[in-house]
Amino acid sequence: MEVPAPDCFSFKECLAFLGRSDQEVLHRIEKDSFYKLMKVQGELLLLKISCKEPQNPGAEHKLQIQFLVGKPSEAIAKEVKLYLEQLFDWQRDLQPFYELAEQDKILQPLVKRYYGMRIVGIPDLFEALTWAIIGQQITLSFAYTMKKRFVEQFGEKVVFEKETYWLYPTFQTVAALEVDDLRQLQFTTRKAEYVIEVAKKMATGELTKEGLLQMQEPGEMHKALTAIRGVGAWTADYVMMKSLQQATAFPIADVGLHNALKVQLGWQEKPSQAQIRQMAQNWKGWEAYATFYLWRSLYDDFT
């Protein structure tokens, strides 16, 4: 199956983001391809996604999707295409962001270096919320370790050519767990409670991605998310950015953002939040993209 990608899209940059940690358990990068396990309409699908470079300048990029496990019906193929659109934020016109960034001394070199990079999202709301909760107040490395344990204990898997591919646990599965089930994986009691409570809210239909997206204002969405136990401002902004595709989401307290700005500015100290708010006056409407490009600069040495 081939899926046309938008004009301004760099698959190479997407792979750089997806391959930034060798601890990742939910996908695999091999050479210039991305392997991902999905479940669509009850069927497990293992996808191999690569990019067909255009033969002529100006010709469209196309993603090539091979179904290594599972057979795609027309309805399933449509769902896969929708997933890719959400994963790579394809519906967004990036031209206004690039015009804005050209006038900003911090963003200008970054958009040239990473041109075509789009926010690589987490389309599944449950995954986005619980991954953000898991990562609170611990190192990124330990967060990946906890996610791996969580996924391998409660997720589904497929083995293909001696490699194991995993699905993130569903909210239905996690809603039926007890706190001690997660405590055994080194979750704190509080984190275990938060994750299970999110699962239960989603299992009853009290919390849905569709319901959040129907809210008229980003502020309303943010308020609804922070009303969930365990979800603070940073987690809400992260979820709005990565799952709800809100370009104005701005995790201003993010340590990675502070470190990236310190390096880009050549400062000895990290900027204060007040200083960052001042800088972000130039990023209005595109705070999530400014943050994502700054995050990208942090792992330049590894790509």
Side-chain angles (χ1 to χ4, degrees), residues 1 3 14-15 17-50 63-73 75-84 86-88 120-135 138 140-187 191-192 194-196 198-200 202-203 209 242-243:
M1 173 174 137
V3 180
C14 290
L15 288 186
F17 178 81
L18 290 164
R20 71 198 186 284
S21 173
D22 58 7
Q23 295 177 280
E24 180 57 68
V25 70
L26 292 174
H27 58 256
R28 190 164 68 87
I29 309 293
E30 188 176 291
K31 296 181 180 176
D32 297 324
S33 297
F34 162 48
Y35 294 76
K36 177 71 178 172
L37 184 64
M38 293 181 65
K39 193 170 191 177
V40 181
Q41 298 179 6
E43 183 165 1
L44 286 168
L45 307 168
L46 179 59
L47 312 181
K48 179 184 178 183
I49 303 164
S50 50
L63 286 197
Q64 290 184 314
I65 294 96
Q66 290 175 262
F67 291 82
L68 304 178
V69 172
K71 294 180 181 178
S73 64
I76 285 175
K78 189 176 178 181
E79 287 286 323
V80 170
K81 183 174 182 289
L82 179 63
Y83 173 81
L84 292 172
Q86 293 181 0
L87 179 68
F88 297 131
V120 179
I122 303 174
D124 180 70
L125 176 65
F126 179 66
E127 181 187 337
L129 259 172
T130 52
W131 168 228
I133 289 169
I134 287 168
I138 56 175
L140 190 57
S141 177
F142 187 51
Y144 273 113
T145 298
M146 287 180 66
K147 180 168 83 165
K148 187 172 188 290
R149 291 172 184 165
F150 181 57
V151 168
E152 291 180 352
Q153 187 72 28
F154 302 112
E156 288 186 75
K157 69 178 179 181
V158 159
V159 178
F160 179 79
E161 293 184 347
K162 299 182 180 178
E163 291 283 349
T164 304
Y165 299 87
W166 290 93
L167 278 181
Y168 199 79
T170 64
F171 60 77
Q172 294 93 336
T173 297
V174 178
L177 298 180
E178 300 293 335
V179 167
D180 282 348
D181 296 324
L182 296 182
R183 290 277 294 135
Q184 290 173 19
L185 308 181
Q186 279 191 285
F187 279 62
K191 273 190 191 176
Y194 299 157
V195 166
I196 292 170
V198 168
K200 286 180 174 176
M202 295 192 71
K209 185 173 180 176
K242 297 279 282 180
S243 191

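Start at 1 with the first residue, then count along the sequence.
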Taking [Y]'s backbone N and O only, do any of them form a donor-acceptor pair with [X]'s side chain (distance below 3.5 Å, no angle check)?
X      : Y      : value
Lys191 : Ile134 : yes
His27  : Phe34  : no
Lys147 : Glu24  : no
Glu127 : Ile122 : no
Ser33  : Ile29  : no
Lys36  : Ile49  : no

Just verifying a value: how many Å separate Asp22 CG and Arg28 CZ, rounded to the nearest 0.5 Å?
13.5 Å

Of the non-hydrogen atoms in [X] and [Y], which two are nearest, and what is the gap between them?
X      : Y      : value
Gln186 : Met146 : O-CE, 3.7 Å
Ile196 : Val179 : CD1-N, 3.7 Å
Gly70  : Pro72  : O-CD, 4.0 Å
Leu167 : Leu37  : CD2-O, 3.3 Å

Ring centroid separation for Phe150 and Tyr168, is it under 6.0 angstrom?
yes

If you draw a 6.0 Å radius around CD in Gln41, do more than 12 non-hydrogen atoms from other residues or ligands fall strictly inside?
yes

Are Glu152 and Lys148 close enough for a salt bridge, meaning some N to O gap below 4.0 Å?
yes

Quick test of your reading of the model: are Glu30 and Lys48 salt-bridged, counting only N-O distances below 4.0 Å?
no

Test side-chain contact (heavy atoms from CB on, under 4.5 Å) on Tyr35 and Leu68; report intermediate values, then the result.
CA-CA 9 Å; Tyr35 294 76; Leu68 304 178; 3.7 Å; yes

Between Val195 and Leu177, is the side-chain contact (heavy atoms from CB on, under 4.5 Å) condition met? List the steps.
CA-CA 10 Å; Val195 166; Leu177 298 180; over 6 Å; no

